[in-house]
2 protein chains.
Amino acid sequence: MSSSFPGPTAKRATILDVAAAAGVSRQTVTRAMNDMPGIKQETRERVQELARELGYTPSRYAKGLVQGARTSVGLAIPDLTNPYFPAFASSVVEMATLRGWNVVVDDFGHGSGSSLDAVERLSPQVDAVIGYLGPHAAEAQALLGRRPVVVLDEPSALTAGGISFDYPFAARLALERLAEIGRRRLAYLDAGPAWQLSARGAAVGRAADDLGIDLTVAHAEDSAEGARDAVGAMLAAYPGVDGLLVFNDLMAAGALKALAAGGRSVPGDCAVIGMDGIPLGMLLTPELTTLSLDLRDVGRAAVDLLDGLLTGALPPRSAGTHLTLRHELVIRASA
Amino acid sequence: MSSSFPGPTAKRATILDVAAAAGVSRQTVTRAMNDMPGIKQETRERVQELARELGYTPSRYAKGLVQGARTSVGLAIPDLTNPYFPAFASSVVEMATLRGWNVVVDDFGHGSGSSLDAVERLSPQVDAVIGYLGPHAAEAQALLGRRPVVVLDEPSALTAGGISFDYPFAARLALERLAEIGRRRLAYLDAGPAWQLSARGAAVGRAADDLGIDLTVAHAEDSAEGARDAVGAMLAAYPGVDGLLVFNDLMAAGALKALAAGGRSVPGDCAVIGMDGIPLGMLLTPELTTLSLDLRDVGRAAVDLLDGLLTGALPPRSAGTHLTLRHELVIRASA
DNA sequence: GTTTGTTTCGTGAACGTTCACGAGCTTGAT
DNA sequence: ATCAAGCTCGTGAACGTTCACGAAACAAAC
């Protein structure tokens, strides 16, 4: 009944310790522990009991070494604070678990550097990486050598597998909706620095041109607070805005706050459309109209793609290593 | 420049392949790859280049086997959909990374069974577990044998390390606040089935008794939707309620929706206090008053505790294996 | 009582890496 | 020339497990 964790001094019990204690051989212990056939029931139980008593845990390293690698994939996530990413992570974990894979999550949000740092941390322990790597996709692939990488939302990453989103399509969907409900003075709030438009921003700009719509573009830090401040400033500079499209749902939440603070009713004075389709949108006031993505689809797509790359069914740089998903417009109260 | 991922057929390149290609020995390759001293700069570069070309990646299993285990801890999370948990996970990951540990996340939310299943999946690949294991804490510890477990929010789990929260204190804080702003007809919304009060619920009940406050208790499924429906029903059965304390922030968000739908103003007609202190609260309308927990503290506490258990500095079942954290009342608009 | 088959168990080898130690070579000083 | 000291590099051993195979032991059938 004594119980004490094996300190750093006390070496872990090995399979030989158990074998000796039970008066049997290694192989018999292996058979007992892994429920393999060819062993008497009584022996099996005796060995298992003894193993429990000695606190024996098979070394995953030794096991992995001899059995050939269980594939384990790294998941690099920018920011677990934005509900979108945990939802995505959850989906990937689910799909990977179905395949018997093992997922190691690393988020590089809290000031702990860039996506490259995450990949660097992940590198020694995984056979592949899935992640929102942003502009560092190519370097990440270089760092991982021949191990496959699936990059989300970065179509330029040609060396790896990629999943991107049809932003022109999504932008059109949103702008048409705003036009349809009679909005003429539209604005788009992008994430990131003012001197550089995101892929989404560029698509929105082009869609506006195509549709002959006049569009004001503002920039904010990628967070609810950033969006709130930016929209506050925008309302001062461009008071007539009556339709607002926002980079993502979290920022849209911040935008709603700023609009309320500025005395604008939503959607009366200004309609708002977000992007992501996270459950948060339904909790806001008013409920958020958004360009939604089925995250289970995204996770499934990423894992499928990686599977193809890992098994070799999908040669790198071939057609099929890159696929594009489409958003769907979910209309709720805000637009 | 040819690049192709090593299929399942093509065996991985080993250290011997690199050594042969470079015309050196294993050890020299090891020295080159790990930036160890005692090797000529020129050799180092030549070997590294060759390794890159052959797509050589050191086997983490072989490395782990000989170097002794890098500790890796499993994190068992009930539901990544509730923003509280990713935030907690993020905090644990951060603290663990600081120690050079490695974190494997498993969530058992999406119908994939109980916390025990998660522990079972985690068991072969981790040296310890941190998690919200609920009632299965004891079984989990049994399953993990001598490997330490840190259980969150389950004070009865005496076999393992534990972190719990001072609910009597928190309940008092909330009820006093509601009384202070003149609320007399209070209700508490618990999570879980009607026939069983949660630990939080029990503490709230006792605090109400102590303070001589009359309190109605309702039950809902642990989700925003569950809370919305339950509060809707409550408003019909108990229309006079003017102060509401809710199991957690996500459910509080649902409660706000139901109150709005029921034509109640918040906090005018009914004040609301949540519990968790997640950022979501600030995005709601009105902003949510809540019993907040500094998640970085919780993560740090869990990792510290585990560290003590792993190193043996903290004997199991001793004082100090169980510690209690306190909530803080963050007053915003809703109460 | 021999043969045949089945169940139960044990032994050498291998997985891929690092560690401890020692060997060869170069350099510089005596 | 000799020795010592410092680089550079290589070899046997070990890490803990499973796999492939063979050896006992036992039961069943003739």
Side-chain angles (χ1 to χ4, degrees), chain A residues 6 8 10-48 50-51 54-72 123-127 145-147, chain B residues 6 8 10-48 50-51 54-72 123-127 145-147:
Chain A
K11 288 139 197 140
R12 280 168 49 128
T14 88
I15 201 174
L16 290 178
D17 299 327
V18 179
V24 298
S25 74
R26 293 166 312 184
Q27 184 62 18
T28 299
V29 177
T30 292
R31 282 190 269 252
M33 298 302 290
N34 299 11
D35 282 317
M36 305 171 73
I39 181 179
K40 216 187 322 186
Q41 186 56 23
E42 181 220 320
T43 322
R44 186 191 303 279
E45 283 165 8
R46 191 165 48 92
V47 170
Q48 286 178 346
L50 238 25
L54 295 179
Y56 165 69
T57 315
S59 153
R60 59 177 171 284
Y61 297 109
K63 188 176 283 199
L65 185 54
V66 59
Q67 285 186 327
R70 242 174 81 76
T71 57
S72 89
S123 174
Q125 27 175 240
V126 301
D127 307 302
R146 279 206 175 46
R147 289 173 290 173
Chain B
K11 289 137 198 140
R12 281 170 48 129
T14 88
I15 201 174
L16 290 177
D17 299 326
V18 180
V24 298
S25 73
R26 297 166 310 185
Q27 185 60 21
T28 299
V29 177
T30 293
R31 281 190 270 251
M33 299 299 292
N34 300 10
D35 283 317
M36 305 171 75
I39 181 178
K40 217 188 321 185
Q41 185 58 23
E42 181 219 319
T43 321
R44 184 190 304 277
E45 284 165 8
R46 190 163 50 90
V47 170
Q48 286 178 345
L50 240 23
L54 295 179
Y56 165 68
T57 315
S59 153
R60 59 177 172 284
Y61 297 109
K63 188 177 284 202
L65 185 53
V66 58
Q67 283 185 330
R70 242 174 80 77
T71 58
S72 89
S123 174
Q125 25 175 244
V126 302
D127 307 303
R146 280 209 174 45
R147 290 174 289 173

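Since we're looking at a predicted model, the values are computed, not measured. In the text below, chain A, chain B and the rest are named by the order of the sequence lines, each starting its count at 1. Just so you know, these numbers use all the heavy atoms, side chains as well, and skip hydrogens, waters and symmetry mates.
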Check the phosphate of [N] against [X], side-chain N and O only, distance under 4.0 Å to OP1 or OP2. Yes or no?
| X | N | result |
| --- | --- | --- |
| A:T43 | C:dC9 | yes |
| B:T28 | D:dC9 | no |
| A:T30 | D:dT18 | yes |
| A:S25 | C:dG10 | yes |
| B:K63 | C:dT18 | yes |

Quiz item: Can you tell which of C:dC19, C:dC15, C:dT18 lies closest to the side chain of B:I15?
Solution: C:dT18
Practice problem: Could you work out which one of D:dG12, C:dC19, D:dG16 sits closest to the side chain of B:Q67? | Solution: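 Side chain of B:Q67 sits closest to C:dC19.
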Distance check needed: [N] [atom2] versus [X] [atom1], whole Å only.
| X | N | atom1 | atom2 | answer |
| --- | --- | --- | --- | --- |
| B:L65 | D:dT18 | CG | P | 12 Å |
| B:R26 | D:dG12 | CZ | P | 8 Å |
| B:Q41 | D:dC9 | CD | C1' | 16 Å |
| B:I39 | C:dC25 | CD1 | P | 18 Å |
| B:M36 | C:dC19 | CE | C1' | 8 Å |
| A:Y61 | D:dT18 | OH | P | 16 Å |
| B:R31 | D:dG10 | CZ | P | 8 Å |
| B:Q125 | D:dG16 | CD | P | 20 Å |

Self-check item: Lys/Arg-Asp/Glu bridge criterion (N-O < 4.0 Å) met for A:D127, A:R146
Solution: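 Here A:D127 does not pair with A:R146 in a salt bridge, since their nearest N and O are not under 4.0 Å apart.
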Quiz item: Would you say B:R60 and A:S72 make side-chain contact, with heavy atoms under 4.5 Å?
Solution: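 Counting from C-beta outward, B:R60 and A:S72 do come under 4.5 Å.
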Practice problem: Please confirm whether the backbone N or O of B:A22 pairs with a side-chain atom of B:R46, one donor and one acceptor, at under 3.5 Å? | Solution: yes
Practice problem: Using the closest heavy atom to pick a nucleotide of DNA chain D for each, name whichever of B:R44 or A:Y56 lands nearer the 5' end. | Solution: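 Looking at the nearest nucleotide for each, B:R44 comes out on the 5' side.
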Self-check item: Side-chain donor/acceptor contact of A:Q27 with base of D:dC19 under 3.5 Å
Solution: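 Counting by modelled atom types and ignoring angles, a donor-acceptor contact under 3.5 Å is found here.
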Quiz prompt | Quiz item: B:R60 side-chain donor-acceptor pair to C:dG16 base, under 3.5 Å | solution =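 A donor-acceptor contact between them is absent.
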Practice problem: Grab the two heavy atoms, one from B:T14 and one from B:D17, that are nearest each other, plus how far apart they are. | Solution: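 Taking every non-hydrogen atom into account, N-OD2, 2.8 Å.
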Quiz prompt | Flag for B:R44-B:T28: side-chain donor and acceptor within less than 3.5 Å | solution =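 No - no donor-acceptor pair under 3.5 Å links their side chains.
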